[in-house]
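Below: one structure, written as structure tokens.
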Amino acid sequence: MHHSPQSIDARYRSGNALRTAGDFAAAEAEFRGVLAQAPQHRDAAYSLAFMLREQGRTDAAATVIAAWWQVARPDAESALAAVGFLIECADYERALAVGRRARALWPDDARLAARVGEAALALGDFDEARDALRVAVDSAPRLGNAWLRLAYCHRFAERDDADLARFRRAWRDTTLDTTARLCAGFALGKALDDLGDYAAAVDVLRPANLTAHAGAGWNRNAWQKFVDARLVAERIPAQPADDDFAPVFIVGLPRTGTTLVASGLARRTGVHDRGELNWIPGLYAHLREHAQLGNARALATTATMVRAQMRRDDAPARFYLDKNPLNFRYVDFIVALFPNARIVHCRRSPRDTALSLWMQHFAHEDLGFSYAFADIAAVQRGCATLMAHWRAAGIDIHDIDYEDLVADPGARMHALASALGMDSENTSQPAPSAVATASVWQVRQPIYLRSVERWRGYAPYLAELEALFDA
């Protein structure tokens, strides 16, 4: 049967109208009908994929875009969009597959090379990531994040490393835009730190942090007001517990071992690691802005949304991990939404934490405090204050110290898993397939102790470590 373009367009418009009206099942049927008639219909594919992702059907959304790309393959821009969407769905395997095919079609596109490098790095294919990222930075040095990812591809051991030379050239290139040059500077600092050249690392990282701090817009007074407000906030009414859903929130300051803890727990049977989700802070801000934090119906809807985004549509599990460390700000909100939630608090030496934060370039504005030691100290104090406040409110919190974990990982992970109610003995699941944080290299190596008291190597060059932070 022949379908005219007008009938396809009409069906697509019908799908959008149904989606707006909240009739998602009917909208899905319309969009799928369009794609059955015209598999290359880009707007129908993305409308369906975005709707599915909003419902937590992440695998189905990724399948739609991967299938559309197989048929369409229209241009490099569309390839970039497809790979980007798949990465947002945390489907790095399909993102890498699409990226590889796209690079074969458009081998000179540095942006595609950067995306392939990003996906390969997250999957632990460090050689492919390094090759692709080198192409990206050599042909398009303004792709800032590619510099950082290239630095994460290996631990630097030789001073004549070609990537180290790349970082130096870019850091000294004043024609680069500020963001790209900063990313190259932080990459260079990481490489110098690997080599144990702490003085040279500080010579690069101090001006890099000053520049990043100037552009971050993070405000210490605003942070203190936020902490003060959280301490006196009204109690959020609790939702009924869902005995079939056990979310685990791993919180604390970044760089305190949250990725290490999540990867260890994710090896247990019946545990899925969802990475660093932004649903809790985003939905808390939305409810607060609309004065709905005390509205039981709004909270129930919010809990349903978060539950869907954690469960998703892959194989079911008993426990789901969210390792967004800054969720320490909203522990009361979490346990109101999910009374049976488990809260794991990661702790680490304040000086080691401060140094590790200061050595990273973060894209998210909430981490703008990491570029100044005084700001890091303020956030450390705020974190300690809030965690003590949640404990005083009767919230059960499981603490785990980084130093203890790396000294005896087997025993510590066993004890934590047992405390959380997990099968602490069965660790038959493979290591996480994808890691998308700055810990991507470390988490795939055997656990080591060299990051304990790492600050001591920097003490002669960074007086702030001893002046502002406890040992």
Side-chain angles (χ1 to χ4, degrees), residues 62 66 79-104 107 109-157 161-164 166-167 170 179-180 182-191 193-194 254-255 258-260 262-263 266 273-276 323-324 356 359-364 367 430-446 448 451:
L80 277 168
V83 175
F85 184 89
L86 293 168
I87 287 175
E88 289 171 5
C89 291
D91 194 335
Y92 291 94
E93 290 87 352
R94 274 190 281 210
L96 184 56
V98 170
R100 285 169 174 165
R101 292 195 297 271
R103 283 199 71 200
D109 195 305
R111 300 166 303 167
L112 281 171
R115 279 300 204 181
V116 166
E118 178 181 356
L121 179 63
L123 292 169
D125 189 340
F126 298 112
D127 290 338
E128 180 172 5
R130 186 161 54 244
D131 291 344
L133 291 166
R134 283 171 176 166
V135 170
V137 299
D138 287 347
S139 55
R142 285 176 171 78
L143 294 174
N145 283 334
W147 291 107
L148 295 171
R149 294 189 176 103
L150 181 56
Y152 301 150
C153 285
H154 69 289
R155 181 174 175 80
F156 290 77
D161 190 299
D163 291 334
L164 182 64
R166 283 182 171 89
F167 301 153
T179 298
L182 276 178
C183 289
F186 278 93
L188 176 58
K190 186 266 186 190
D193 175 73
D194 284 351
R255 311 303 295 169
T258 53
T259 299
L260 188 61
S263 65
D273 179 9
R274 297 310 192 194
E276 296 185 12
K323 70 169 204 69
N324 184 335
S356 189
M359 295 186 70
Q360 300 294 324
H361 184 276
F362 296 101
H364 201 287
L367 291 161
S433 61
V435 178
T437 71
S439 302
V440 62
W441 173 266
Q442 295 97 316
V443 79
R444 297 185 186 278
Q445 311 307 310
Y448 50 77
S451 290

Work out which heavy atom in [X] is nearest to a heavy atom in [Y]; give both atom names and the distance.
{"X": "Ser356", "Y": "Arg255", "result": "OG-NE, 2.8 Å"}
{"X": "Ala114", "Y": "Leu133", "result": "O-CD2, 3.9 Å"}
{"X": "Pro107", "Y": "Ala104", "result": "CD-O, 4.0 Å"}
{"X": "Gly117", "Y": "Ala129", "result": "O-CB, 3.5 Å"}
{"X": "Val116", "Y": "Arg103", "result": "CG2-CD, 3.6 Å"}

**OP:** Under the salt bridge (charged side-chain N to carboxylate O under 4.0 Å, His left out) rule, collect the residues that match up with Asp138, sequence neighbours excluded.
**Re:**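 Counting only residues at least two positions away or on another chain, Asp138 forms a salt bridge (charged side-chain N to carboxylate O under 4.0 Å, His left out) with Arg166.
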
Subject >> Which residues share a salt bridge (charged side-chain N to carboxylate O under 4.0 Å, His left out) with Asp109, sequence neighbours left out >> reply: Arg111

For [X], give me all partners under side chain to side chain contact (heavy atoms under 4.5 Å, CB included), at least two apart in sequence or on another chain.
{"X": "Ala95", "value": "Val83, Leu86, Ile87, Ala119"}
{"X": "Thr258", "value": "Ile250, Thr256, Lys323, Pro325, Cys346"}
{"X": "Ala110", "value": "Ser139, Ala140, Leu143"}
{"X": "Ala191", "value": "Phe156, Leu164, Phe167"}

Contacts of [X] that satisfy side chain to side chain donor-acceptor pair (under 3.5 Å) - sequence neighbours left out:
{"X": "Arg134", "answer": "Asp163"}
{"X": "Arg94", "answer": "Asp59, Thr63, Asp91"}
{"X": "Asp131", "answer": "none"}
{"X": "Arg142", "answer": "none"}

Original post:
Between Leu96 and Glu128, is any pair of side-chain heavy atoms under 4.5 Å apart?
Top reply: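 Contact flag for Leu96/Glu128 side chains = yes.
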
Original post:
Does the side chain of Leu121 come within less than 4.5 Å of Leu123's, by heavy atoms?
Top reply: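 The answer is no; the side chains never approach within 4.5 Å.
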
Gap separating the [atom1] atom of [X] from the [atom2] atom of [Y], nearest 0.5 angstrom:
{"X": "Leu150", "Y": "Cys183", "atom1": "CG", "atom2": "SG", "result": "12.0 Å"}
{"X": "Arg130", "Y": "His154", "atom1": "CZ", "atom2": "NE2", "result": "5.5 Å"}
{"X": "Asp193", "Y": "Met359", "atom1": "CG", "atom2": "CE", "result": "3.5 Å"}
{"X": "Asp125", "Y": "Cys153", "atom1": "CG", "atom2": "SG", "result": "9.5 Å"}
{"X": "Asp194", "Y": "Arg155", "atom1": "CG", "atom2": "CZ", "result": "4.5 Å"}

**OP:** Report yes or no: does Trp147 contribute a side-chain atom to a donor-acceptor pair with the main-chain N or O of Leu182 at less than 3.5 Å?
**Re:** no

